[in-house]
Every structure is written in structure tokens, then in C-alpha cells.
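Report on one structure; see the data block that follows.
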Amino acid sequence: MKILGLSGALGHDPSAALYIDGTLVAAAEEERFVRDKHAKNRMPYESAKFCLQWAGIRPHEVDAVAIPYAPIPLFGSPARWHYARRYWYAPDRALDAIFAGNRRFHRYQKRIEWCLQQLGFDLGKTEIVPVEHHLAHAASAYHCSGFRDKTAILCIDGKGEYATTFFGYGENGVIHKIKEFYDPDSLAGVYGAITEYLGFEMLDGEYKVMGMAPYGDPTRYDFSRLARFEDGELVVNTDYVNVVGLRRYKEKGKGYYFSPKLIEWLGPRREGDVADEPYIHYAASMQALFERLGLEMMEYYLGDVIRETGLIAFAGGGALNVKLNQKIVARPDVKELFVQPAAGDAGTAVGAAAYVSMQRGVPVEKMEHVYLGPAYTNEEIIAACAKHPARPRWQKIDDVPVRVARLLTDGHPVAWFQGRMEFGPRALGGRSILGCPSVPGIADRINAQIKFRERWRPFCPSMLDTVAPQMLQSHHPAPFMTITFEVAPEWRQRVPEVVHEDGTARAQVLRREQHPRYYDLMRELEKLTGNGVVLNTSLNRRGEPMVCSPSDALDMFFGSDLQYLVMEDILVTKEGVPQ
């Protein structure tokens, strides 16, 4: 059974994923191939082409194409009526939901059909299976979690067709829906609106707000007027946020997801890269509201399920809020939280395909890793070096982990390109920039010379599974950097460059079978420094997608102050740098 999942319904983060007989053999985001972050308004052509080529299959061999977007009926679901009622102040939107509420779906389906035709699919013989957006999110979490017992399922997202939040449970491979909230009542939408107000781009900068929050005082400003959760319903205050049409605040020809009333209350939009007052307090207040309402909603709808088995599967863009995840794990009745590593819309390609596979009687495997993209041989890397206009200086080296560990302990950042590219937003040792976290100032150096990003954003640690219980004081699985942990006081002194302002770290805890070479590098670091921990950030510059190919890596390398790049067994250095 071969199921191809294609996402991109909402105009951002298109991706493709391929299941063969329940095994996820390939998955990748379109942005990595077209070199356009989030690949807005594109279809997953290159990513789908990669998946098929990697698996060595032709379009006619695919049994079904699953898409995470479906028509929503006018009757039988409150979604379109809710949307129309809540957007009464924009009659064109309200009437459109009632009389042409599936127009976006039909438009999307046509674009998918065009994309499939370009890939060589015969539309007369290709079955396209629509899966509701939040059901695809739910499937991406539950079916990939590997949980066998009854599992609480939570999805917090900006918006799908109409739904914004999903509560349900999984049992015996079947997903049961308990409750959904609908647009404009979206907690992630409120976070996105404040993200825009704080000077970042919605659907991109939310993690920057989360990184800014620890620098502020959440009690300085009360954000509870923006949204409330009462009697089982989330109600967003559309006088301030989640607004459309004429209610939007406009500046320099651009309309925002908040109203002029928010500006009257909080002052002008933030601009620039400095984490300054009062904006750090606004970020802290938004984060506090998100955590409080998220936990209240989860308890109301899923508390009984959680107390029964202690298992939770979480997806949607809101699942990338690692501080909320830390609070969830801290519940005494939670045994394990699985957060879909590609929790945003890119992950719905996996979810839709997994859902269809399960529906057809083929169970899908637990997601143990995200190394699902392209990989390159030494020969391909050498060929890329030969073609590159910068005429890279390269050599083949032996014992890569030993050599790189020495460079790191000497205080050098190293670009690390090994194995298959990661799927999802986190670099996990496939396409990373590494530093030694006990070298003073290494994070600032990477920031200023390579990443060119805001300083308040934390750098994260990858660590050996043998280190995690001591450093994180937890045995909870953390393979995907989706949860923050309190760092033990001793370790805050040992590896200060990967500890955030609030004493936490968003950690990747690695087992050797997941990425042997990366694991061995950390073992070598442990021999040299006593710490089996490495600073790990994604191999890209600010505003660019993560590197995919050797030529991408070389472009990034020569466009930064990096001095060392290791791709498989090939070490590339700049002129004048000792080899």
C-alpha cells in the first residue's frame, strides 16, 4: 500500500510524505528545494518528486493521494454557521461561508490536480482522498506516537477549513472527536496576532515571541481581555484580535490580524531587533495567557482521558510552543507527551497519509526519527564543490566525529551536513551549525557572524541519552526538541551557552541508533570536555530555509563567517584557515 500525502492547502508550508506499507519512507518540505522560506502559495511539486524518486516508484504505483483539506457540510457541522455568526461585521465573509463555504477547498483541489499532472499522474486513475485539516493534524500526532493505550489527542492551530482547535482521543487505532472550536475563536490565532503586533511575521515569528517572553514580566499587563475560556467554549475578543476586513489595523498598505483598538491599548507596533520595554512584557503576558488557556481547555475536555492512561498526542502549530509542553509534562498524571515534530501544517502531509493508510487496514509505524529527506554521497559533494563558483578548498577526512569534536573544543563553530535532511522545523543533527556549549561567547559569535538573528532567541542543546537524566532531571523522551526542561544548576554552569534566560533548555535527547555519527560526535566531546552536549542550531541564515543540498550548504558557508563545513567525510575550509 503506497499512500502519498500532499499538504499546502492554506497557502504556506507545502510538503509531501510517502508511506509504503505503513512505513514513512520519505517526507520533505517544499521550501527546502525552492529555497523560499515557507514556500507560500506554492504546491508541493519538488517535495513530492523527491519522495517518489527516493522510493523508486512511479506515479501509477501510488494507491491514493491524501490531502489535509476537505469540504465542510453546511448541515451536520456547526462550523460554517459559527463562522458566519462571529463575522457578522464583515457580511461578505459571513455570506460566503453560508453560500460558498467550500470554495477554497475546490480551488485547492484543482491546484493539487494540476500539481499531480505535472508529476505524471493520470487523474483518471488517481484517487485523491480529502482528510479534514484538524483530523490530519490529529492523525499526525496519534498514529505516529506509537501509543497503544487510549490516548488524549490535542490540536491547537491557527485555522484549518474552519476549525481551530481539536480535542479527541485515540483508541485501537481509531480517532474519536470530542470537540472542535471554530474561527475566529483560535488561541493560536491570538498568539499570531500578537506576533504581528510585536513586529514579526505570523506563521513564522511565534517562536521569537516565545523566546522573548522570559525577559519580561507576565504580571505587568493583563491580556485576559483578548480571549476567555468559559463553560467549555473559547471566545476570542474580535474587538482586538483575529479580525478581518475593515476592522484590521493598516500600516504602509498592509492589513494586520489585530485592530486599531489594540494599538490604542498597547501603543505602536514594535519594530527592529531589540528586545525592549514594554514589548518584552507583552510577549510574557501573551505566553502566560496561551499557557493558561491551553491547560484549562485540555483539562476540561481531555482531563479524564489523561488521568486514565497518562498519554497525550499533540499537533498543530500551537504544539511547537515548547513552554506549554513543559507545563503539560509537569502534570503528575502525564506519563508521556508525544508532540508531532512537524507539528505545523507541513506535518499534515504525514497525518493525511497516515490516516488513509490506517483507514485501509495498514497500521503505520511509530515515528522514531525525522531523517526523511535527501542524502548525498561523498562523490556528489565533491562534484558540488567542483562546480561551485567560490572554488571551495576541500579534503576527505577520516574519523569525522574525532576531528569535528577537536574543532568545536578549540572554539570554532562547525557547519554539520550528515545523512538525510530533517523533516520539520528543527535541525536535529542532519543540517546543523554546531558549537561547544562550554566555550564562553560561542552563542553570541554564531549569532553575530553566521545566523544574523535576534540575540534573545535561545540556542538549544543536543545531548547523549546518558546525559539527559542528570542535566534535565527527567527521563521523559525528547528526540525532537519539542519540550523545554529545567536545567540542573550544576549543568547551567557547565554548558551555559545552551541555557535560556529562564534556566531551561529546549533539548534533543539522542539515542545512538537514531543518528550514529552525531551521537559519536557528542561522545568525543564528552571525552574532551566532560559534557556529552553540543550547541545545535539550524544550518541556514536568517530568513532562509534550512539547507538541503551540498550546493545550498556551500552558498550558505560562503555567505557567512563560518570557517569549517563538514559534509559526510568532506571537510571544506576557507582560505587561510588551518586544515
Side-chain angles (χ1 to χ4, degrees), residues 134 137-138 140-141 145 151-158 164-167 181 185-195 198 202-203 205-216 218 223-224 226-229 234 236 282-303 305-306 310-344 347 424-426 457-458 460 472 474 476-478 480-486 500-507:
H134 275 75
H137 272 309
S140 79
S145 70
T151 301
I153 304 173
L154 172 63
C155 302
I156 298 176
D157 199 27
T164 65
T165 317
F166 176 102
F167 306 93
F181 299 144
D185 298 310
S186 168
L187 184 56
V190 176
Y191 206 104
I194 297 301
T195 296
L198 290 174
M202 184 188 281
L203 303 173
E206 284 81 354
Y207 60 96
K208 299 178 184 180
V209 176
M210 186 172 57
M212 190 193 290
Y215 293 89
F223 271 31
S224 59
L226 298 181
R228 69 182 191 275
F229 180 66
L234 175 70
V236 168
Y282 296 158
S285 298
M286 183 63 248
Q287 179 63 31
L289 180 70
F290 186 82
E291 291 174 16
R292 178 171 65 80
L293 294 183
L295 292 169
E296 286 176 8
M297 295 188 309
M298 187 181 74
E299 169 57 29
Y300 189 95
Y301 284 109
L302 303 175
V305 181
I306 294 168
L311 301 176
I312 308 173
F314 191 10
L320 293 172
N321 193 296
V322 293
K323 303 303 294 182
L324 172 61
N325 297 342
Q326 181 180 354
K327 295 277 178 70
I328 293 172
V329 169
R331 279 182 60 134
D333 48 12
V334 170
K335 186 170 20 170
E336 187 173 342
L337 168 67
F338 175 84
V339 178
Q340 166 55 240
R426 304 282 178 251
R457 288 168 53 192
C460 301
L472 306 179
S474 172
H476 193 282
F480 304 128
M481 279 190 184
T482 52
I483 304 169
T484 48
F485 297 88
E486 289 284 337
H500 197 29
E501 179 76 7
D502 57 359
T504 66
R506 189 187 76 202

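Values in this document were obtained by computation on a predicted structure and should not be read as measured data.
Taken to the nearest 0.5 Å, the CZ atom of Arg331 stands 4.5 Å off from the CE atom of Met298. The CZ atom of Phe314 sits 12.5 Å away from atom CZ of Phe338, with the distance rounded to the nearest 0.5 Å.
Taking each heavy atom of Gly294 and Leu187 in turn, the nearest pair found is N-CD2, 3.8 Å. The two atoms that bring Ala152 and Ile306 nearest to each other are CB-CG1, 3.8 Å, heavy atoms only. Nearest heavy-atom pair across Pro458 and His500 is CB-ND1, 3.4 Å. The shortest heavy-atom contact between Met297 and Ile156 is CE-CD1, 4.4 Å. Among all heavy-atom pairs drawn from Asp185 and Thr164, the shortest one is O-OG1, 2.7 Å.
For Glu501, there are no side chain to side chain donor-acceptor pair (under 3.5 Å) partners, not counting sequence neighbours. Residues meeting the salt bridge (charged side-chain N to carboxylate O under 4.0 Å, His left out) test with Lys335, sequence neighbours left out: none. By the side-chain contact (heavy atoms from CB on, under 4.5 Å) test, Ser285 is found to be paired with Tyr221, Phe223, residues two or more places apart in sequence or in another chain being considered.
Put simply, the side chain of His476 never gets that close to the backbone of Glu336: no donor and acceptor are under 3.5 Å apart. Between the side chain of Glu486 and the main chain of Thr504, no donor-acceptor pair closer than 3.5 Å is present. Judged by distance alone, with hydrogens and angles left aside, the side-chain atoms of Thr195 form no donor-acceptor pair with the main-chain N or O of Met202 at under 3.5 Å.
In summary, the side chains of Gln287 and Asn321 do present a donor paired with an acceptor at a separation below 3.5 Å, with no hydrogens or angles considered. Donor-acceptor pairing under 3.5 Å is recorded for the side chains of Thr484 and Gln326.
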With ring pair (Phe, Tyr, Trp, His ring centres under 6.0 Å) as the test, would you mind laying out the steps for Phe167 and Phe181 before giving the verdict? CA-CA 9 Å; Phe167 306 93; Phe181 299 144; 5.4 Å; yes
Going through the checks in order, is the side-chain contact (heavy atoms from CB on, under 4.5 Å) test met by Leu226 and Leu289? CA-CA 9 Å; Leu226 298 181; Leu289 180 70; 4.3 Å; yes
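Side-chain contact check for Leu154 versus Leu302: some heavy-atom pair is nearer than 4.5 Å.
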